Structures are given as C-alpha cells and as structure tokens.
Amino acid sequence: MFDVQFITHFTASISYPDSARIALEGGCRWVQLRMKDVSEEELKNTAMHVQELCRQYGATFIIDDRVDLVKEIGADGVHLGKLDMPIKEARKMLGKGFIIGGTANTFADIRQHVADGADYIGCGPFRFTTTKQKLSPILGLDGYRSILVQMQEEGLTIPIVAIGGITREDIPSLKALGLSGIALSGGILKAENPVLEMETIIRLTE
Ligand SMILES: Cc1ncc(COP(=O)(O)OP(=O)(O)O)c(N)n1
Ligand SMILES: Cc1ncsc1CCOP(=O)(O)O
Ligand SMILES: [Mg+2]
C-alpha cells in the first residue's frame with residue numbers, strides 16, 4: 001500500500017472544493033485542505049464542504065495548521081509544521097482519535113515527532129516547488145535514503161510521506177525507497193486533465 005495525499009492549493013481556475021472533488025473522482029482517498037491567507041469564515045465553510053465530499057467518497061480529510069477547526073468540525077486530523085501548534089500540545093487537545101501529521105526535513109525532526117505522538121510524517125521537500133514559500137533544504141532521493149536508513153537503525157517505524165514537486169514520473173523511484181506514500185498538489189492541479197492525472201498516479205502507486 002502506497003498512500004496518496006492530495007493537498008489543495010489556490011488556483012485562479014479551480015476552486016478548493018472542486019480541486020478536492022477532482023482528486024476524489026480520480027481515486028484519491030486522502031485529502032488535506034491547505035488554505036493560506038483566507039478569512040475564518042471562508043476557511044470554515046470550505047472545510048465543511050470538503051469534509052462532506054470526503055465523506056461521500058469514504059476519504060480521509062485532514063486540515064493544514066488548524067487544530068481548533070479540526071476539533072470543531074470533527075475532521076479526521078491535522079497537519080502541523082514547525083511554525084504551527086507543537087504536536088505534543090495538539091495531541092493533548094485532540095486525544096488519540098485524530099490523525100496528526102508532522103512536517104520533517106531531517107531525521108532529528110522525525111525522532112522528535114515520534115516522541116511527541118505524531119501519526120505520520122510529511123517529509124520534504126523532495127524537489128523545488130512553488131506551491132510553498134520558504135522551503136527547507138531539498139532532500140532528493142538520497143535525502144530520503146539517508147533518513148530511512150537512520151530510522152531503521154533506531155527502529156522507528158512511523159509512516160513517511162514524501163512531499164514537494166512530485167509528479168507521476170517520480171512514483172516508481174519513491175516507491176522503491178520504501179516510503180509510505182506521497183503528498184502532492186501541483187502535479188494534479190497543473191495537469192491538462194487533473195482527474196485523469198490522479199487516476200494515473202493512483203494506478204502507478206498500486
Ligand atoms: C503532508 C504534508 N507535509 C508537509 C506539509 C507542510 O506543512 P508546514 O511545514 O506546516 O507548511 P504549510 O503547509 O503550513 O505551509 C504539509 N502541509 N503537508
Ligand atoms: C505543503 C508543502 N510542504 C513542502 S512542499 C509543499 C507543497 C507540495 O505541493 P506540490 O506537490 O505542488 O509541490
Ligand atoms: Mg503549517
């Protein structure tokens with residue numbers, strides 16, 4: 001099993017809910033709502049809409065950054081980075097019934113997230129991407145290899161999802177590394193036929 005998480009991103013032509021629907025229609029069953037610089041009202045309304053879509057498709061629905069909103073609307077989980085609420089605190093607020101993902105760029109980050117109670121790691125960036133500003137150092141395949149070796153040496157088994165500039169061409173090599181999955185946005189949203197692109201990516205991960 002190689003998981004695929006679709007992450008929403010603002011585009012002029014595809015709304016956030018439509019992008020989630022595209023991912024779901026293409027067979028993705030893990031959606032992260034990531035909305036930056038929007039009002040509280042827009043975020044909450046969109047989150048409830050995307051949550052409903054995810055429920056219709058039996059997909060997991062997580063929200064970027066916002067532990068409070070996840071708790072309020074009963075989403076499946078949250079993704080947290082270095083500038084967000086610490087994972088330990090989020091776990092205290094959410095308890096064990098919610099998924100908590102943590103961002104990592106190094107093995108030390110992963111070790112800390114495991115100690116703090118994360119469920120999975122979004123590890124990257126794999127390569128340069130314009131979807132996120134202020135990127136951490138790029139890992140490439142060698143970066144993941146080195147992290148996975150260190151995890152094995154210390155007996156850490158948390159799922160690692162690669163992220164950052166991933167396209168369909170990368171899937172065979174990322175899969176071969178022994179990662180748990182990928183998270184991607186632009187690879188779908190910039191495709192000529194986004195639903196078909198997701199279908200292709202899902203097929204490549206099977
Ligand atoms: C799966 C996944 N991995 C990493 C990130 C990045 O989270 P963060 O570092 O908090 O940056 P922002 O997404 O908040 O800009 C993610 N969202 N999802
Ligand atoms: C949120 C995030 N964190 C690291 S890279 C990234 C963006 C992933 O999107 P894309 O697949 O378009 O590079
Ligand atoms: Mg964040």
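Everything numeric here is computed off the predicted structure, so don't read it as measured data. Read the numbers this way: they start at 1 and go in the same order the structure lists the ligands and their atoms.
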| Residue portion contacting ligand 2 (non-hydrogen atoms closer than 4.0 Å) for H9 | neither

Taking [atom] as the reference point, the nearest protein heavy atom with its distance:
atom: atom 10 (O) of ligand 1; answer: D84 OD2, 2.9 Å
atom: atom 3 (N) of ligand 2; answer: K132 CD, 3.2 Å
atom: atom 17 (N) of ligand 1; answer: Q32 OE1, 2.9 Å
atom: atom 9 (O) of ligand 1; answer: T103 OG1, 3.1 Å
atom: atom 4 (C) of ligand 1; answer: H79 NE2, 3.2 Å
atom: atom 11 (O) of ligand 1; answer: K132 NZ, 3.0 Å
atom: atom 5 (S) of ligand 2; answer: G164 CA, 3.6 Å
atom: atom 1 (C) of ligand 2; answer: R34 NE, 3.5 Å

| query | Mind checking whether Q133 has a heavy atom under 4.0 Å from ligand 1? | reply | no

| Does I163 come within less than 4.0 Å of ligand 1, judged by its heavy atoms? | yes

| Is the Y120-H79 ring centre distance short of 6.0 angstrom? | yes

| Pick from K71, E40, K44, E72: which one makes a side chain to side chain contact (heavy atoms under 4.5 Å, CB included) with R66? | E40

Counting from 1, what ligand 2 atoms have a heavy atom of [X] closer than 4.0 Å?
X: I163; value: 1 (C), 2 (C), 3 (N), 5 (S), 6 (C), 8 (C)
X: T131; value: 7 (C), 9 (O), 10 (P), 12 (O), 13 (O)
X: L184; value: 11 (O)
X: T129; value: 5 (S), 10 (P), 12 (O), 13 (O)

Could you check whether [Y] and [X], counting side-chain N and O atoms only, form a donor-acceptor pair closer than 3.5 Å?
X: S19; Y: H9; value: no
X: D116; Y: Q112; value: yes
X: E169; Y: T167; value: yes

| said: With heavy-atom distances below 4.5 Å as the criterion, would you say the side chains of I110 and I160 are in contact? | reply: yes

| Short N-O contact, D65 and R34, less than 4.0 angstrom | no

| Salt bridge flag under 4.0 Å for residues R91 and D119 | yes

Please check whether [X] reaches ligand 2 - meaning an N/O of the residue sits under 3.5 Å from an N/O of the ligand, judged on distance alone.
X: S185; value: yes
X: G165; value: yes
X: G186; value: yes

| message | Looking at every heavy atom in both I121 and A104, which two are closest together, and how far apart are they? | response | CG2-CB, 3.4 Å

| Would I100 and L80 count as a side-chain contact (heavy atoms from CB on, under 4.5 Å) if you check the C-alpha gap in whole Å, the side-chain angles of each, and the deciding distance to 0.1 Å? | CA-CA 7 Å; I100 300 180; L80 299 171; 4.1 Å; yes

May I ask you to check if ligand 1 and [X] share an N or O to N or O distance below 3.5 Å?
X: K82; result: no
X: Q5; result: no
X: V161; result: no
X: D65; result: yes

Short list, please: which atoms of ligand 1 are under 4.0 Å from a heavy atom of [X]?
X: K36; result: 12 (P), 14 (O), 15 (O)
X: G81; result: 8 (P), 9 (O), 10 (O)
X: I7; result: 18 (N)
X: R34; result: 12 (P), 13 (O), 15 (O)

| query | How about K88: does its NZ atom have over 12 heavy atoms from other parts shown lying under 6.0 Å from it? | reply | no

| query | Do other residues, nucleotides or ligands put more than 12 heavy atoms under 6.0 Å from the NZ atom of K82? | reply | yes

| task | Report yes or no: do I73 and Y16 belong to one cluster of Ile/Leu/Val/Met/Phe/Trp/Tyr joined by side chain heavy-atom distances under 4.5 Å? | result | yes

| Are M48 and F98 connected, step by step, through hydrophobic side chains (Ile, Leu, Val, Met, Phe, Trp, Tyr) whose heavy atoms are closer than 4.5 Å? | yes

| field | Atom of D84 closest to the Mg ion (ligand 3), considering N, O or S atoms | value | OD2

| said: Any N/O/S atom from D65 (main chain or side chain) under 2.8 Å of the Mg ion (ligand 3)? | reply: yes

| task | Could you tell me the separation between the CD atom of Q5 and the CG atom of L184, rounded to the nearest 0.5 Å? | result | 9.5 Å

| task | Could you please spell out the steps behind the side-chain contact (heavy atoms from CB on, under 4.5 Å) verdict for T131 and F10? | result | CA-CA 9 Å; T131 305; F10 177 80; over 6 Å; no

